[in-house]
Amino acid sequence: MKLAHSSTVPVPVERVWTVVMDVPRAAACVPGVSGVSGAGEDRFRGDLAVQVGPVRLSFSGEVAIVARDDAAHRATLRADAKEARLGGSVHASVEIALARAGEGCALRIESDLQVAGRIGELGQPLIQRKADQLLREFGACLARTAA
Amino acid sequence: MTERLLRFTVNGEPREVRVADDRRLVDVLRDDLRLTGTKEGCSVGVCGVCGVLVDGALVSACLYPAVFADGASITTIEGIARGGTLAPLQEAFISEGGFQCGICTPGQIVAAAALLAERPRPTDAEIDEWMTGSLCRCTGYAGIRRAIRKAAGG
Amino acid sequence: MSYAYHEPSELDEALALLARHGDDAHAVAGATAFMLLYRQGLLRPSHVVGLRRVRSLGGIRDDGGALVIGATATHREAERSPLVARHCAALARAFASVATVRVRNQATVGGNLAHADPAQDPPAMLLALDAAVTAVSPGGTREIPLAELFVDVLTTSLAPGELITAVRVPALAPGTRAAYVKFLPRTADDYATVSVAATLRRSEDGRVADVRVVLGAVGPTPIRATSAEDALRGAAPDAARIAEAAALARDAADPIDDVRGSAAYKREMARVWTERALRSLVA
(Lines give C-alpha, C1' and ligand atoms only; values in the text may rest on other atoms or scores of the structure.)
Protein backbone atom coordinates (compact mmCIF):
# COMPACT_ATOMS: atom_id res chain seq x y z
CA MET A 1 0.00 0.00 0.00
CA LYS A 2 1.57 3.26 -1.11
CA LEU A 3 0.90 6.51 0.72
CA ALA A 4 2.03 9.98 -0.22
CA HIS A 5 1.86 13.01 1.98
CA SER A 6 3.00 16.52 1.24
CA SER A 7 2.71 19.72 3.17
CA THR A 8 4.43 23.03 3.51
CA VAL A 9 6.00 24.16 6.74
CA PRO A 10 6.71 27.90 7.26
CA VAL A 11 10.15 27.17 8.67
CA PRO A 12 13.52 27.12 6.84
CA VAL A 13 14.45 23.74 5.40
CA GLU A 14 17.62 23.28 7.54
CA ARG A 15 15.68 23.70 10.77
CA VAL A 16 13.05 21.17 9.71
CA TRP A 17 15.75 18.76 8.58
CA THR A 18 17.40 18.89 12.00
CA VAL A 19 14.15 17.96 13.70
CA VAL A 20 13.25 15.22 11.21
CA MET A 21 16.64 13.54 11.59
CA ASP A 22 16.43 13.72 15.38
CA VAL A 23 14.24 10.60 15.43
CA PRO A 24 13.10 10.68 19.10
CA ARG A 25 12.14 14.33 18.69
CA ALA A 26 10.41 13.76 15.35
CA ALA A 27 8.66 10.65 16.70
CA ALA A 28 7.15 12.74 19.49
CA CYS A 29 5.23 14.44 16.68
CA VAL A 30 3.38 11.25 15.78
CA PRO A 31 0.22 10.99 17.92
CA GLY A 32 0.26 7.82 20.03
CA VAL A 33 4.03 7.27 20.01
CA SER A 34 5.73 6.53 23.31
CA GLY A 35 8.89 5.05 24.79
CA VAL A 36 11.28 5.93 21.97
CA SER A 37 14.86 4.98 22.74
CA GLY A 38 18.09 4.35 20.82
CA ALA A 39 18.82 0.80 19.64
CA GLY A 40 22.21 1.23 18.03
CA GLU A 41 23.52 3.61 15.40
CA ASP A 42 20.62 5.18 13.47
CA ARG A 43 18.23 2.64 15.02
CA PHE A 44 15.40 3.35 17.44
CA ARG A 45 12.74 1.36 19.27
CA GLY A 46 9.34 2.60 20.28
CA ASP A 47 5.64 1.96 20.69
CA LEU A 48 2.65 3.31 18.83
CA ALA A 49 -0.95 3.17 20.03
CA VAL A 50 -3.60 3.69 17.36
CA GLN A 51 -7.35 3.59 17.61
CA VAL A 52 -9.55 3.02 14.58
CA GLY A 53 -13.11 3.37 15.79
CA PRO A 54 -13.69 0.63 18.37
CA VAL A 55 -10.50 -1.18 17.34
CA ARG A 56 -7.42 -0.47 19.43
CA LEU A 57 -4.02 -1.38 18.11
CA SER A 58 -0.71 -1.30 19.89
CA PHE A 59 2.46 -1.52 17.85
CA SER A 60 5.94 -2.09 19.08
CA GLY A 61 8.91 -1.94 16.78
CA GLU A 62 12.00 -0.41 15.30
CA VAL A 63 12.83 2.43 12.96
CA ALA A 64 16.16 2.54 11.16
CA ILE A 65 17.63 5.28 9.00
CA VAL A 66 18.96 3.27 6.06
CA ALA A 67 20.12 6.14 3.88
CA ARG A 68 20.49 9.86 4.31
CA ASP A 69 21.74 12.75 2.24
CA ASP A 70 22.06 15.83 4.46
CA ALA A 71 22.97 18.11 1.57
CA ALA A 72 19.93 17.14 -0.52
CA HIS A 73 17.68 16.78 2.57
CA ARG A 74 16.59 13.28 1.66
CA ALA A 75 16.45 10.16 3.76
CA THR A 76 15.11 6.62 3.60
CA LEU A 77 13.71 5.01 6.74
CA ARG A 78 12.71 1.44 7.38
CA ALA A 79 10.11 0.65 10.02
CA ASP A 80 9.18 -2.81 11.26
CA ALA A 81 6.54 -3.20 13.95
CA LYS A 82 4.52 -5.98 15.50
CA GLU A 83 0.96 -5.53 16.70
CA ALA A 84 0.34 -7.35 19.95
CA ARG A 85 -3.36 -6.96 20.75
CA LEU A 86 -4.83 -8.62 17.68
CA GLY A 87 -1.77 -10.03 15.99
CA GLY A 88 -0.07 -8.76 12.89
CA SER A 89 2.79 -6.69 11.64
CA VAL A 90 3.59 -3.66 9.55
CA HIS A 91 6.69 -3.15 7.47
CA ALA A 92 7.23 0.22 5.90
CA SER A 93 9.76 1.86 3.69
CA VAL A 94 9.57 5.63 4.06
CA GLU A 95 11.18 8.23 1.79
CA ILE A 96 11.45 11.70 3.26
CA ALA A 97 12.37 14.65 1.08
CA LEU A 98 12.54 18.31 2.06
CA ALA A 99 12.86 21.18 -0.39
CA ARG A 100 13.05 24.93 -0.10
CA ALA A 101 9.69 26.57 -0.73
CA GLY A 102 10.05 30.32 -0.53
CA GLU A 103 10.86 31.19 3.09
CA GLY A 104 9.59 27.80 4.23
CA CYS A 105 10.01 24.15 3.43
CA ALA A 106 8.08 21.63 1.39
CA LEU A 107 7.81 18.28 3.13
CA ARG A 108 7.18 15.12 1.13
CA ILE A 109 6.80 11.69 2.69
CA GLU A 110 6.26 8.64 0.52
CA SER A 111 5.60 5.36 2.27
CA ASP A 112 5.25 1.84 1.03
CA LEU A 113 3.38 -0.17 3.64
CA GLN A 114 3.03 -3.93 3.99
CA VAL A 115 0.38 -4.95 6.47
CA ALA A 116 0.25 -8.60 7.53
CA GLY A 117 -1.90 -10.64 9.87
CA ARG A 118 -5.20 -9.90 11.49
CA ILE A 119 -4.84 -6.13 11.43
CA GLY A 120 -5.13 -6.41 7.64
CA GLU A 121 -8.81 -7.22 8.28
CA LEU A 122 -9.32 -3.53 8.87
CA GLY A 123 -9.07 -3.16 5.12
CA GLN A 124 -7.00 -0.88 2.98
CA PRO A 125 -9.37 2.14 2.95
CA LEU A 126 -9.43 2.35 6.73
CA ILE A 127 -5.70 1.73 7.16
CA GLN A 128 -4.96 4.31 4.49
CA ARG A 129 -7.21 6.90 6.11
CA LYS A 130 -5.63 6.34 9.50
CA ALA A 131 -2.10 6.52 8.09
CA ASP A 132 -2.99 9.72 6.20
CA GLN A 133 -4.34 11.21 9.40
CA LEU A 134 -1.16 10.34 11.35
CA LEU A 135 1.02 11.86 8.62
CA ARG A 136 -1.08 15.03 8.52
CA GLU A 137 -0.79 15.47 12.26
CA PHE A 138 2.93 14.69 12.04
CA GLY A 139 3.40 17.44 9.44
CA ALA A 140 1.48 19.99 11.49
CA CYS A 141 3.37 19.13 14.68
CA LEU A 142 6.69 19.28 12.83
CA ALA A 143 5.92 22.85 11.81
CA ARG A 144 5.29 23.77 15.46
CA THR A 145 8.36 21.93 16.76
CA ALA A 146 10.79 23.35 14.20
CA ALA A 147 9.43 26.91 14.44
CA MET B 1 -18.63 -16.93 33.86
CA THR B 2 -18.06 -17.42 30.18
CA GLU B 3 -20.43 -20.35 29.81
CA ARG B 4 -24.13 -20.70 30.47
CA LEU B 5 -27.09 -22.99 30.12
CA LEU B 6 -29.47 -21.86 27.42
CA ARG B 7 -33.07 -23.03 27.35
CA PHE B 8 -35.11 -22.54 24.20
CA THR B 9 -37.43 -24.43 21.94
CA VAL B 10 -36.25 -25.58 18.54
CA ASN B 11 -38.99 -26.54 16.09
CA GLY B 12 -41.40 -26.80 18.98
CA GLU B 13 -39.20 -29.04 21.12
CA PRO B 14 -37.69 -27.74 24.40
CA ARG B 15 -33.90 -27.93 24.36
CA GLU B 16 -31.14 -27.15 26.86
CA VAL B 17 -27.59 -26.61 25.85
CA ARG B 18 -24.50 -25.39 27.67
CA VAL B 19 -22.57 -22.91 25.54
CA ALA B 20 -19.65 -20.51 25.72
CA ASP B 21 -20.91 -16.91 25.76
CA ASP B 22 -19.34 -16.10 22.40
CA ARG B 23 -20.91 -18.98 20.43
CA ARG B 24 -23.01 -18.19 17.38
CA LEU B 25 -26.46 -19.63 16.96
CA VAL B 26 -25.41 -21.34 13.72
CA ASP B 27 -22.71 -23.32 15.56
CA VAL B 28 -25.01 -24.33 18.41
CA LEU B 29 -27.65 -25.52 15.95
CA ARG B 30 -25.26 -27.45 13.74
CA ASP B 31 -22.59 -28.72 16.14
CA ASP B 32 -24.39 -29.08 19.47
CA LEU B 33 -27.92 -29.92 18.33
CA ARG B 34 -26.87 -31.66 15.09
CA LEU B 35 -29.45 -29.70 13.10
CA THR B 36 -27.29 -29.48 10.01
CA GLY B 37 -30.07 -28.37 7.67
CA THR B 38 -29.06 -24.82 8.49
CA LYS B 39 -25.94 -24.17 6.39
CA GLU B 40 -23.08 -21.74 6.78
CA GLY B 41 -21.93 -19.85 3.72
CA CYS B 42 -20.42 -16.39 3.83
CA SER B 43 -20.29 -16.13 7.67
CA VAL B 44 -20.94 -12.39 7.43
CA GLY B 45 -24.72 -12.20 7.15
CA VAL B 46 -24.81 -11.63 3.40
CA CYS B 47 -25.65 -14.92 1.64
CA GLY B 48 -28.71 -16.09 3.57
CA VAL B 49 -28.02 -19.84 3.77
CA CYS B 50 -28.03 -19.76 7.59
CA GLY B 51 -31.45 -18.08 7.83
CA VAL B 52 -33.54 -19.22 10.81
CA LEU B 53 -36.52 -17.78 12.66
CA VAL B 54 -36.11 -16.53 16.23
CA ASP B 55 -39.54 -15.83 17.72
CA GLY B 56 -40.76 -15.62 14.15
CA ALA B 57 -38.17 -13.08 13.00
CA LEU B 58 -35.84 -14.09 10.18
CA VAL B 59 -32.18 -13.66 11.14
CA SER B 60 -28.77 -14.86 9.96
CA ALA B 61 -27.69 -17.49 12.49
CA CYS B 62 -24.05 -16.69 11.66
CA LEU B 63 -24.48 -13.14 13.04
CA TYR B 64 -26.73 -14.12 15.90
CA PRO B 65 -25.16 -14.62 19.34
CA ALA B 66 -26.47 -17.88 20.80
CA VAL B 67 -27.00 -16.16 24.17
CA PHE B 68 -29.66 -13.98 22.49
CA ALA B 69 -31.72 -17.13 21.87
CA ASP B 70 -32.17 -17.92 25.56
CA GLY B 71 -35.89 -18.36 26.15
CA ALA B 72 -36.73 -17.96 22.47
CA SER B 73 -38.61 -20.15 20.05
CA ILE B 74 -36.45 -21.10 17.07
CA THR B 75 -37.55 -22.53 13.75
CA THR B 76 -35.01 -24.10 11.40
CA ILE B 77 -35.51 -25.77 8.03
CA GLU B 78 -36.07 -29.06 9.93
CA GLY B 79 -39.19 -27.51 11.44
CA ILE B 80 -40.87 -26.49 8.18
CA ALA B 81 -42.17 -29.97 7.28
CA ARG B 82 -44.67 -31.42 9.74
CA GLY B 83 -44.92 -35.10 10.67
CA GLY B 84 -42.83 -36.30 7.76
CA THR B 85 -44.90 -34.42 5.21
CA LEU B 86 -43.35 -31.61 3.22
CA ALA B 87 -44.97 -28.22 3.61
CA PRO B 88 -46.74 -26.78 0.53
CA LEU B 89 -43.85 -24.32 0.21
CA GLN B 90 -41.34 -27.16 -0.02
CA GLU B 91 -43.52 -29.00 -2.56
CA ALA B 92 -43.67 -25.78 -4.58
CA PHE B 93 -39.86 -25.46 -4.63
CA ILE B 94 -39.73 -29.00 -6.07
CA SER B 95 -42.47 -28.57 -8.66
CA GLU B 96 -41.29 -25.13 -9.79
CA GLY B 97 -37.60 -25.99 -9.94
CA GLY B 98 -36.68 -23.60 -7.16
CA PHE B 99 -33.24 -25.13 -6.69
CA GLN B 100 -30.45 -27.00 -8.39
CA CYS B 101 -27.45 -27.79 -6.19
CA GLY B 102 -29.52 -27.23 -3.06
CA ILE B 103 -27.01 -25.51 -0.78
CA CYS B 104 -29.08 -22.34 -0.56
CA THR B 105 -32.44 -24.11 -0.37
CA PRO B 106 -32.83 -24.32 3.43
CA GLY B 107 -32.21 -20.58 3.70
CA GLN B 108 -34.51 -19.80 0.75
CA ILE B 109 -37.35 -21.85 2.22
CA VAL B 110 -37.01 -20.47 5.75
CA ALA B 111 -36.90 -16.92 4.33
CA ALA B 112 -39.93 -17.59 2.15
CA ALA B 113 -41.82 -19.11 5.09
CA ALA B 114 -41.16 -15.93 7.09
CA LEU B 115 -42.45 -13.83 4.19
CA LEU B 116 -45.65 -15.86 3.81
CA ALA B 117 -46.27 -15.74 7.57
CA GLU B 118 -46.14 -11.96 7.39
CA ARG B 119 -47.69 -11.42 3.94
CA PRO B 120 -49.72 -14.45 2.83
CA ARG B 121 -50.28 -12.99 -0.68
CA PRO B 122 -47.08 -11.15 -1.59
CA THR B 123 -46.69 -9.36 -4.91
CA ASP B 124 -43.69 -10.21 -7.09
CA ALA B 125 -42.05 -6.98 -6.00
CA GLU B 126 -42.58 -7.89 -2.35
CA ILE B 127 -41.13 -11.35 -2.97
CA ASP B 128 -38.07 -9.86 -4.69
CA GLU B 129 -37.51 -7.30 -1.97
CA TRP B 130 -37.86 -9.82 0.84
CA MET B 131 -35.69 -12.48 -0.81
CA THR B 132 -32.90 -9.96 -1.50
CA GLY B 133 -29.79 -11.37 0.08
CA SER B 134 -30.90 -14.99 -0.20
CA LEU B 135 -28.31 -15.81 -2.81
CA CYS B 136 -28.65 -18.63 -5.34
CA ARG B 137 -25.65 -19.24 -7.58
CA CYS B 138 -27.04 -21.86 -9.96
CA THR B 139 -30.77 -21.83 -10.70
CA GLY B 140 -31.41 -18.15 -10.71
CA TYR B 141 -34.36 -16.58 -9.05
CA ALA B 142 -37.30 -17.14 -11.42
CA GLY B 143 -38.03 -20.63 -10.12
CA ILE B 144 -37.75 -19.51 -6.53
CA ARG B 145 -40.18 -16.67 -7.14
CA ARG B 146 -42.60 -19.04 -8.93
CA ALA B 147 -42.41 -21.46 -6.02
CA ILE B 148 -43.23 -18.77 -3.47
CA ARG B 149 -46.07 -17.48 -5.62
CA LYS B 150 -47.45 -21.00 -5.96
CA ALA B 151 -47.22 -21.67 -2.23
CA ALA B 152 -49.10 -18.43 -1.67
CA GLY B 153 -51.89 -19.84 -3.84
CA GLY B 154 -51.18 -17.51 -6.76
CA MET C 1 -11.08 -17.25 24.95
CA SER C 2 -14.70 -16.29 25.16
CA TYR C 3 -15.89 -13.06 26.65
CA ALA C 4 -18.32 -12.97 29.57
CA TYR C 5 -21.74 -11.86 28.39
CA HIS C 6 -23.83 -9.67 30.69
CA GLU C 7 -27.46 -8.89 30.09
CA PRO C 8 -28.66 -6.30 32.59
CA SER C 9 -32.31 -5.26 32.71
CA GLU C 10 -31.63 -1.77 34.07
CA LEU C 11 -29.70 1.04 32.40
CA ASP C 12 -27.80 1.89 35.60
CA GLU C 13 -26.56 -1.66 35.78
CA ALA C 14 -25.36 -1.51 32.15
CA LEU C 15 -23.51 1.77 32.78
CA ALA C 16 -21.95 0.37 35.95
CA LEU C 17 -20.70 -2.72 34.08
CA LEU C 18 -19.18 -0.57 31.35
CA ALA C 19 -17.57 1.72 33.92
CA ARG C 20 -16.20 -1.23 35.92
CA HIS C 21 -14.65 -3.02 32.95
CA GLY C 22 -13.53 0.04 30.98
CA ASP C 23 -11.56 -0.83 27.84
CA ASP C 24 -12.20 -4.54 28.41
CA ALA C 25 -15.95 -4.09 27.89
CA HIS C 26 -17.99 -3.62 24.73
CA ALA C 27 -21.67 -2.70 24.62
CA VAL C 28 -23.94 -4.42 22.09
CA ALA C 29 -27.61 -4.10 21.21
CA GLY C 30 -28.37 -6.13 18.05
CA ALA C 31 -24.70 -7.13 17.92
CA THR C 32 -24.54 -7.40 14.10
CA ALA C 33 -21.56 -5.05 13.75
CA PHE C 34 -19.96 -6.49 16.87
CA MET C 35 -20.22 -10.08 15.61
CA LEU C 36 -18.47 -9.13 12.38
CA LEU C 37 -15.63 -7.31 14.13
CA TYR C 38 -15.32 -10.02 16.78
CA ARG C 39 -15.21 -12.81 14.22
CA GLN C 40 -12.60 -10.90 12.24
CA GLY C 41 -10.55 -10.78 15.40
CA LEU C 42 -10.59 -6.99 15.47
CA LEU C 43 -12.32 -6.79 18.86
CA ARG C 44 -11.19 -8.82 21.85
CA PRO C 45 -13.28 -7.66 24.82
CA SER C 46 -13.32 -9.65 28.08
CA HIS C 47 -16.85 -8.46 28.80
CA VAL C 48 -19.80 -7.83 26.50
CA VAL C 49 -22.74 -5.89 27.87
CA GLY C 50 -25.98 -6.68 26.06
CA LEU C 51 -28.58 -3.91 26.12
CA ARG C 52 -31.50 -5.80 24.58
CA ARG C 53 -33.25 -6.48 27.89
CA VAL C 54 -33.04 -2.88 29.10
CA ARG C 55 -36.68 -1.92 28.66
CA SER C 56 -36.16 1.83 28.87
CA LEU C 57 -34.06 1.70 25.68
CA GLY C 58 -36.79 0.23 23.48
CA GLY C 59 -39.85 1.49 21.72
CA ILE C 60 -40.83 4.29 19.37
CA ARG C 61 -42.97 7.18 20.56
CA ASP C 62 -44.23 10.64 19.75
CA ASP C 63 -43.08 13.31 22.16
CA GLY C 64 -45.01 16.50 21.53
CA GLY C 65 -44.47 16.31 17.77
CA ALA C 66 -40.94 15.00 17.97
CA LEU C 67 -40.30 11.38 17.03
CA VAL C 68 -38.30 9.44 19.61
CA ILE C 69 -36.84 6.08 18.57
CA GLY C 70 -35.37 4.01 21.39
CA ALA C 71 -31.80 2.81 20.89
CA THR C 72 -32.71 -0.89 20.88
CA ALA C 73 -35.61 -0.57 18.45
CA THR C 74 -34.66 -2.70 15.45
CA HIS C 75 -34.49 -1.28 11.94
CA ARG C 76 -37.45 -3.46 11.10
CA GLU C 77 -39.51 -1.98 13.94
CA ALA C 78 -38.60 1.50 12.71
CA GLU C 79 -39.37 0.82 9.04
CA ARG C 80 -42.80 -0.65 9.93
CA SER C 81 -43.74 1.84 12.63
CA PRO C 82 -46.80 3.94 11.73
CA LEU C 83 -45.31 6.71 13.89
CA VAL C 84 -42.11 6.78 11.81
CA ALA C 85 -44.06 6.67 8.53
CA ARG C 86 -46.33 9.48 9.66
CA HIS C 87 -43.40 11.60 10.80
CA CYS C 88 -41.41 11.13 7.62
CA ALA C 89 -41.92 8.44 4.97
CA ALA C 90 -38.36 8.96 3.67
CA LEU C 91 -37.01 8.07 7.12
CA ALA C 92 -38.96 4.80 7.11
CA ARG C 93 -37.49 4.18 3.64
CA ALA C 94 -33.95 4.83 4.91
CA PHE C 95 -34.42 2.22 7.64
CA ALA C 96 -35.90 -0.20 5.08
CA SER C 97 -32.87 0.38 2.81
CA VAL C 98 -30.41 -1.24 5.22
CA ALA C 99 -28.96 -4.55 4.02
CA THR C 100 -31.55 -7.36 4.16
CA VAL C 101 -34.59 -8.18 6.25
CA ARG C 102 -32.42 -10.57 8.28
CA VAL C 103 -30.06 -7.81 9.32
CA ARG C 104 -32.89 -5.34 9.90
CA ASN C 105 -34.58 -7.81 12.26
CA GLN C 106 -31.47 -7.85 14.42
CA ALA C 107 -29.58 -4.57 14.01
CA THR C 108 -30.81 -1.67 16.13
CA VAL C 109 -31.27 2.04 15.47
CA GLY C 110 -28.97 3.08 18.33
CA GLY C 111 -26.35 0.48 17.47
CA ASN C 112 -26.29 1.69 13.88
CA LEU C 113 -25.56 5.25 15.02
CA ALA C 114 -22.94 4.19 17.58
CA HIS C 115 -21.20 2.08 14.92
CA ALA C 116 -20.81 5.27 12.81
CA ASP C 117 -20.40 3.58 9.46
CA PRO C 118 -20.59 6.46 6.95
CA ALA C 119 -22.02 4.16 4.27
CA GLN C 120 -25.07 3.28 6.34
CA ASP C 121 -28.48 4.64 5.39
CA PRO C 122 -30.09 5.99 8.59
CA PRO C 123 -27.26 8.36 9.60
CA ALA C 124 -27.54 10.52 6.45
CA MET C 125 -31.33 10.71 6.64
CA LEU C 126 -31.37 11.44 10.37
CA LEU C 127 -28.76 14.16 9.89
CA ALA C 128 -30.89 15.73 7.15
CA LEU C 129 -33.81 15.68 9.60
CA ASP C 130 -31.71 17.51 12.21
CA ALA C 131 -31.94 14.61 14.67
CA ALA C 132 -30.00 14.33 17.91
CA VAL C 133 -29.17 11.35 20.10
CA THR C 134 -29.72 11.25 23.82
CA ALA C 135 -26.61 9.84 25.47
CA VAL C 136 -26.23 8.74 29.05
CA SER C 137 -23.19 8.06 31.18
CA PRO C 138 -22.63 7.82 34.94
CA GLY C 139 -22.02 11.59 34.72
CA GLY C 140 -25.50 12.34 33.41
CA THR C 141 -27.55 12.74 30.27
CA ARG C 142 -26.83 14.94 27.26
CA GLU C 143 -28.14 15.56 23.76
CA ILE C 144 -25.67 15.20 20.89
CA PRO C 145 -26.79 16.58 17.50
CA LEU C 146 -25.97 14.09 14.77
CA ALA C 147 -23.67 16.64 13.17
CA GLU C 148 -21.50 16.37 16.30
CA LEU C 149 -21.92 12.63 16.89
CA PHE C 150 -20.01 11.42 13.84
CA VAL C 151 -16.31 12.20 14.05
CA ASP C 152 -14.62 9.78 11.67
CA VAL C 153 -15.06 6.33 10.15
CA LEU C 154 -16.51 4.11 12.92
CA THR C 155 -15.77 6.89 15.40
CA THR C 156 -18.24 8.94 17.43
CA SER C 157 -17.95 11.67 20.03
CA LEU C 158 -19.45 9.34 22.65
CA ALA C 159 -17.22 9.14 25.70
CA PRO C 160 -15.97 5.71 26.82
CA GLY C 161 -18.79 4.01 28.73
CA GLU C 162 -21.41 6.42 27.36
CA LEU C 163 -24.50 4.94 25.70
CA ILE C 164 -27.05 6.19 23.20
CA THR C 165 -30.51 5.76 24.73
CA ALA C 166 -32.62 7.19 21.89
CA VAL C 167 -32.58 9.28 18.75
CA ARG C 168 -34.89 12.25 18.65
CA VAL C 169 -36.20 13.64 15.35
CA PRO C 170 -37.74 17.09 15.77
CA ALA C 171 -41.11 17.93 14.26
CA LEU C 172 -40.76 18.93 10.62
CA ALA C 173 -41.92 22.43 9.73
CA PRO C 174 -45.29 22.16 7.93
CA GLY C 175 -44.81 21.65 4.19
CA THR C 176 -41.37 20.08 4.52
CA ARG C 177 -40.72 17.29 2.04
CA ALA C 178 -38.01 14.70 2.46
CA ALA C 179 -36.26 12.23 0.17
CA TYR C 180 -33.79 9.40 0.57
CA VAL C 181 -32.16 7.98 -2.54
CA LYS C 182 -29.43 5.36 -2.73
CA PHE C 183 -27.28 4.51 -5.74
CA LEU C 184 -26.74 0.75 -5.89
CA PRO C 185 -24.91 -0.28 -9.07
CA ARG C 186 -24.11 -3.78 -7.75
CA THR C 187 -26.79 -5.49 -5.68
CA ALA C 188 -29.92 -4.31 -3.88
CA ASP C 189 -28.53 -5.24 -0.45
CA ASP C 190 -25.14 -3.57 -0.92
CA TYR C 191 -23.82 -0.47 0.74
CA ALA C 192 -24.52 2.61 -1.32
CA THR C 193 -21.97 3.93 -3.79
CA VAL C 194 -23.49 7.24 -2.77
CA SER C 195 -26.73 8.07 -0.99
CA VAL C 196 -28.49 11.41 -0.69
CA ALA C 197 -30.87 12.47 2.04
CA ALA C 198 -32.58 15.80 1.54
CA THR C 199 -35.36 17.89 3.01
CA LEU C 200 -36.90 20.94 1.39
CA ARG C 201 -39.60 23.43 2.29
CA ARG C 202 -40.92 26.13 -0.01
CA SER C 203 -42.52 29.38 1.01
CA GLU C 204 -45.80 30.59 -0.46
CA ASP C 205 -44.06 32.33 -3.36
CA GLY C 206 -42.48 29.01 -4.35
CA ARG C 207 -38.97 29.93 -3.25
CA VAL C 208 -36.94 27.61 -1.06
CA ALA C 209 -37.49 28.55 2.56
CA ASP C 210 -35.33 25.80 3.99
CA VAL C 211 -33.28 22.92 2.62
CA ARG C 212 -30.84 20.33 3.91
CA VAL C 213 -28.72 18.04 1.74
CA VAL C 214 -26.66 15.22 3.23
CA LEU C 215 -24.40 12.82 1.33
CA GLY C 216 -23.80 9.28 2.59
CA ALA C 217 -20.97 6.85 1.74
CA VAL C 218 -18.72 9.51 0.21
CA GLY C 219 -16.66 10.58 3.22
CA PRO C 220 -15.52 9.53 6.68
CA THR C 221 -18.89 10.66 8.05
CA PRO C 222 -22.18 11.64 6.41
CA ILE C 223 -21.48 15.02 4.80
CA ARG C 224 -23.82 17.97 4.92
CA ALA C 225 -23.53 19.80 1.59
CA THR C 226 -24.05 23.28 3.01
CA SER C 227 -22.84 25.05 -0.13
CA ALA C 228 -25.54 23.26 -2.12
CA GLU C 229 -28.11 24.30 0.49
CA ASP C 230 -26.94 27.93 0.34
CA ALA C 231 -27.33 27.95 -3.43
CA LEU C 232 -30.97 26.97 -3.06
CA ARG C 233 -32.11 28.85 0.01
CA GLY C 234 -34.20 31.84 -0.98
CA ALA C 235 -34.09 30.89 -4.65
CA ALA C 236 -36.71 29.57 -7.03
CA PRO C 237 -35.77 25.88 -7.35
CA ASP C 238 -35.85 25.64 -11.13
CA ALA C 239 -33.85 23.05 -13.07
CA ALA C 240 -30.85 25.35 -13.50
CA ARG C 241 -30.66 26.21 -9.81
CA ILE C 242 -30.98 22.57 -8.81
CA ALA C 243 -28.22 21.62 -11.26
CA GLU C 244 -26.02 24.32 -9.74
CA ALA C 245 -26.70 23.05 -6.21
CA ALA C 246 -26.01 19.46 -7.30
CA ALA C 247 -22.63 20.52 -8.72
CA LEU C 248 -21.79 22.04 -5.34
CA ALA C 249 -22.77 18.76 -3.65
CA ARG C 250 -20.28 17.00 -5.92
CA ASP C 251 -17.56 19.29 -4.59
CA ALA C 252 -18.62 18.59 -1.00
CA ALA C 253 -18.13 14.84 -1.41
CA ASP C 254 -14.86 13.40 -0.07
CA PRO C 255 -14.91 9.78 -1.30
CA ILE C 256 -12.21 7.14 -1.64
CA ASP C 257 -11.55 4.65 -4.42
CA ASP C 258 -12.98 1.24 -3.61
CA VAL C 259 -14.95 -1.63 -5.13
CA ARG C 260 -18.04 0.58 -5.33
CA GLY C 261 -16.36 3.05 -7.64
CA SER C 262 -13.43 5.41 -8.03
CA ALA C 263 -13.41 8.62 -6.04
CA ALA C 264 -13.99 10.63 -9.23
CA TYR C 265 -16.95 8.48 -10.22
CA LYS C 266 -18.51 8.73 -6.77
CA ARG C 267 -18.17 12.51 -6.83
CA GLU C 268 -19.96 12.61 -10.16
CA MET C 269 -22.65 10.28 -8.83
CA ALA C 270 -23.07 12.53 -5.79
CA ARG C 271 -23.97 15.28 -8.27
CA VAL C 272 -26.36 13.09 -10.25
CA TRP C 273 -28.18 11.69 -7.22
CA THR C 274 -28.39 15.04 -5.45
CA GLU C 275 -30.02 16.46 -8.57
CA ARG C 276 -32.50 13.56 -8.64
CA ALA C 277 -33.31 13.89 -4.93
CA LEU C 278 -33.87 17.64 -5.18
CA ARG C 279 -35.97 17.35 -8.33
CA SER C 280 -38.23 14.85 -6.57
CA LEU C 281 -38.73 17.37 -3.78
CA VAL C 282 -39.94 20.17 -6.06
CA ALA C 283 -41.91 18.02 -8.51
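A note on names: the letters A, B, ... follow the listed sequences, proteins ahead of strands, and every chain is numbered from 1.
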Original post:
Does C:Arg102 use its side chain to pair, donor to acceptor, with the backbone of B:Val46 at less than 3.5 Å?
Top reply: yes
Original post:
Near C:Glu10 CD, under 6.0 Å, is it more than 12 heavy atoms from other residues, nucleotides or ligands?
Top reply: no
Original post:
How far apart are the closest heavy atoms of B:Trp130 and C:Arg76, and which atoms are they?
Top reply: CZ3-NH2, 3.2 Å
**OP:** Check whether any side-chain N or O of C:Asn105 sits under 3.5 Å from a backbone N or O of B:Leu58 as a donor-acceptor pair, and report yes or no.
**Re:** yes
Original post:
Nearest heavy-atom pair of C:Gln106 and B:Ser60: which atoms, and what distance?
Top reply: OE1-O, 4.2 Å
Original post:
Between CD of C:Glu7 and CZ of B:Arg4, what distance do you get to the nearest 0.5 Å?
Top reply: 7.5 Å
Subject >> Options B:Ala20, B:Ala111, B:Gly45, B:Gly133, ranked by heavy-atom pairs under 4.5 Å with chain C, top entry >> reply: B:Gly133
Original post:
Which bit of C:Val103 comes within less than 4.5 Å of chain B, counting heavy atoms only: side chain, backbone, both or neither?
Top reply: side chain
Subject >> side-chain contact (heavy atoms from CB on, under 4.5 Å), paired with C:Tyr5, selected from B:Asp22, B:Asp70, B:Val67 >> reply: B:Val67
**OP:** Can you establish whether the number of heavy atoms outside C:Arg55 located under 6.0 Å from its atom CZ is more than 12?
**Re:** no
Subject >> Nearest heavy-atom neighbours spanning B:Phe68 and C:Ala31 >> reply: CZ-CB, 3.8 Å
Subject >> Proximity breakdown for C:Phe34 and chain B, heavy-atom pairs closer than 4.5 Å >> reply: neither
**OP:** Give a yes or no on whether B:Glu129 atom CD has more than 12 heavy-atom contacts from other residues, nucleotides or ligands under 6.0 Å away.
**Re:** no
Original post:
If you count heavy-atom pairs under 4.5 Å between each of C:Arg80, C:Gln40, C:His47 and chain B, which one has the most?
Top reply: C:Arg80
**OP:** Answer yes or no: are there more than 12 heavy-atom neighbours, outside C:Arg186 itself, under 6.0 Å from its atom CZ?
**Re:** yes
